[in-house]
Amino acid sequence: DGGITQSPKYLFRKEGQNVTLSCEQNLNHDAMYWYRQDPGQGLRLIYYSQIVNDFQKGDIAEGYSVSREKKESFPLTVTSAQKNPTAFYLCASKREGTGESYGYTFGSGTRLTVV
Amino acid sequence: KNQVEQSPQSLIILEGKNCTLQCNYTVSPFSNLRWYKQDTGRGPVSLTIMTFSENTKSNGRYTATLDADTKQSSLHITASQLSDSASYICVVPGGFGNEKLTFGTGTRLTIIP
């Protein structure tokens with residue numbers, strides 16, 4: 001059963017710590033994305049990768065880092081430089097094509113809380 | 001600046017009733033518009049994709065409409081069920097090679113028995 005798996009579902013971070021959120025997909029999609037969701041706001045793009053070993057900054061990349069060593073995996077590290085990391089993080093991948101076959105698949109999300 | 005605005009921000013209706021959610025966009029150029037359903041604490045799930053040539057598309061009890069001239073879309077839910085309680089998000093890509101998505105803030109729909 002294909003899909004995107006994000007882990008963990010809940011994550012707690014102490015001040016000054018780096019944490020890494022996992023995103024794995026078995027859909028054979030080339031492009032992968034990380035979004036941040038805050039209450040009352042639309043999803044905002046953190047980073048995206050269209051191909052292995054390549055990624056680009058989104059609108060709010062400061063304080064985050066990513067890697068794309070494998071097609072299936074796109075982990076996101078929230079560094080201590082991110083001053084307000086508490087949020088719901090969503091990973092997505094995109095299938096190329098036309099019509100209904102073309103679209104984005106989202107993971108179930110990771111809720112990160114700073115304690 | 002590309003924008004997607006949704007209304008109402010929240011909506012509460014009785015089970016079995018119909019409702020309509022609105023989405024206005026200023027994304028240009030336009031290629032398609034998507035409606036997603038997001039359950040609390042979960043990722044968004046695609047309901048439908050509307051291209052600029054489509055006016056109406058149905059997916060079960062969900063019917064989406066698109067007016068590319070006025071840049072408006074609506075999502076109509078018929079005979080609502082408790083499981084319809086979720087946030088409904090309107091999403092518009094930049095279009096024609098610009099795949100940056102612009103997300104609406106969503107409509108929070110609550111169905112009460």
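All values below come from the heavy atoms of this structure, side chains included, with hydrogens, waters and symmetry mates left out. The sequence lines fix the lettering, A, B, ..., with proteins before strands; numbering per chain opens at 1.
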Within one Ile-Leu-Val-Met-Phe-Trp-Tyr cluster: [X] and [Y], side-chain cutoff 4.5 Å:
X	Y	answer
A:L45	A:F106	yes
B:L11	B:W35	yes
B:F52	B:L33	yes
A:V66	A:L11	yes
A:I60	B:V4	no

For A:Y64, enumerate each residue passing the side-chain hydrogen bond (donor to acceptor under 3.5 Å, both in side chains) test, keeping only those at least two apart in sequence or located in another chain.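 side-chain hydrogen bond (donor to acceptor under 3.5 Å, both in side chains) list for A:Y64, sorted by chain: A:R36, A:Y89.
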
State which residues pass side-chain hydrogen bond (donor to acceptor under 3.5 Å, both in side chains) with A:Q6; sequence neighbours excluded, sorted by chain then number.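 For A:Q6, no residue satisfies side-chain hydrogen bond (donor to acceptor under 3.5 Å, both in side chains) once neighbours in sequence are set aside.
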
Step through the shown structure and confirm whether more than 12 heavy atoms of other residues, nucleotides or ligands are within 6.0 Å of [atom1] on [X].
X	atom1	answer
B:I112	CD1	yes
B:K17	NZ	no
A:E62	CD	no

Quick check: under 4.5 Å, non-hydrogen atoms only, which of residues 81-89 of chain B neighbour chain A? B:I89

Report, by ascending residue number, the residues of residues 58-71 of chain B in heavy-atom contact with chain A at a distance under 4.5 Å; give 'none' if the set is empty.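 Interface residues of residues 58-71 of chain B: none, nothing closer than 4.5 Å to chain A.
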
Sole residue of A:Y35, A:Y48, A:Y33 in side chain to side chain contact (heavy atoms under 4.5 Å, CB included) with B:L101: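 Answer to the side chain to side chain contact (heavy atoms under 4.5 Å, CB included) test with B:L101 among A:Y35, A:Y48, A:Y33: A:Y35.
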
Which bit of B:Q38 comes within less than 4.5 Å of chain A, counting heavy atoms only: side chain, backbone, both or neither?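 Looking at B:Q38, just its side chain touches chain A.
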
Shortest non-hydrogen contact between A:F88 and B:R42, atoms and distance: CE2-O, 3.6 Å

Between B:F103 and A:L43, what is the shortest heavy-atom contact and its length?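 Scanning both residues completely, I find the closest heavy atoms to be CD1-O, 3.5 Å.
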
At a 4.5 Å cut-off on heavy atoms, which part of A:L90 comes close to chain B: side chain, backbone, both, or neither?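 Side chain only.
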
